[in-house]
Amino acid sequence: MHNWRNLLGGLLLWAAHFFAVYIIGSVFPGERIAAVLVLITTFAILAVTLTLAIKALRARSDIDDGIQRWMSDLTLLGYLTGGVAIIYQGLPAVMFLL
């Protein structure tokens, strides 16, 4: 179970961010408070993603098995993909505030 949580962690955070942004946009459509809340949510989930990615990167150095190293690489790729997607989803809020 621990491996699945690690493998899907970045993608689950991405999904959580997507739903949070969608809910915020639905509750406050086109308002400035929505953009501020989206930015706060984006930074909070990015912080969690970065923390878990660093933790996974540190744990990677102790792995000697080929399959485990591949799973570790896949975990890091999931966090990277999720982080990029979270930033991409948060950009409209930045553009709205400018």
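Worth knowing before you read on, the calculation uses all heavy atoms, side chains too, and leaves out hydrogens, waters and symmetry mates. Residues: numbered from 1 along the sequence shown.
Once rounded to the nearest 0.5 Å, the distance linking CG of Leu74 with CH2 of Trp70 reads 5.0 Å. Here the CD1 atom belonging to Ile23 is positioned 12.0 Å from the CG atom belonging to Leu37, to the nearest 0.5 angstrom. The distance from atom OH of Tyr88 to atom CH2 of Trp14, rounded to the nearest 0.5 Å, is 11.0 Å. Taken from CG in Leu12 to CD1 in Ile45, the straight-line distance is 11.5 Å, to the nearest 0.5 Å.
Side-chain atoms of Ser72 never come within 3.5 Å of backbone atoms of Gln68 as a donor-acceptor pair (strictly under, hydrogens ignored).
Taken together through direct or relayed side-chain contacts under 4.5 Å among Ile, Leu, Val, Met, Phe, Trp and Tyr, Leu39 and Leu98 form part of one hydrophobic cluster. Follow the hydrophobic side-chain contacts under 4.5 Å out from Val27 and you reach Val21 in the same cluster. Both Leu97 and Ile40 belong to a common hydrophobic cluster when Ile, Leu, Val, Met, Phe, Trp and Tyr are linked at side-chain heavy-atom distances under 4.5 angstrom. Following chains of ILVMFWY side-chain contacts shorter than 4.5 Å, one can reach Leu77 starting from Leu7, so the two form part of one hydrophobic cluster.
Closest approach of Leu76 to Ala56, counting heavy atoms only: CD2-CB, 4.0 Å. For Ala35 against Ala93, the heavy-atom pair with the smallest separation is O-CB, 3.6 Å. When every heavy atom of Tyr79 is checked against every heavy atom of Gly9, the shortest pair comes out as CE2-C, 3.7 Å. Nearest heavy atoms, Glu31 versus Phe96: O-CE2, 3.7 Å.
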request  = Kindly indicate, with the supporting measurements, whether the criterion side chain to side chain donor-acceptor pair (under 3.5 Å) is fulfilled by Thr41 and His17.
outcome  = CA-CA 7 Å; Thr41 304; His17 180 265; over 6 Å; no

key: Intermediate values then yes/no, side-chain contact (heavy atoms from CB on, under 4.5 Å), Thr42 and Ile87   = CA-CA 7 Å; Thr42 299; Ile87 291 170; 5.6 Å; no

task = Apply side-chain contact (heavy atoms from CB on, under 4.5 Å) to the pair Leu13 and Leu52, showing each step before the final yes or no.
result = CA-CA 10 Å; Leu13 288 168; Leu52 291 174; 4.0 Å; yes

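Under the 4.5 Å side-chain criterion, counting only non-hydrogen atoms from C-beta, Val38 is not in contact with Val94.
Few gaps surround CZ on Arg69; more than 12 heavy atoms of other groups in view lie less than 6.0 Å from it.
The only option from Ile86, Leu80, Ile54 that meets the side chain to side chain contact (heavy atoms under 4.5 Å, CB included) definition with Thr49 turns out to be Ile86.
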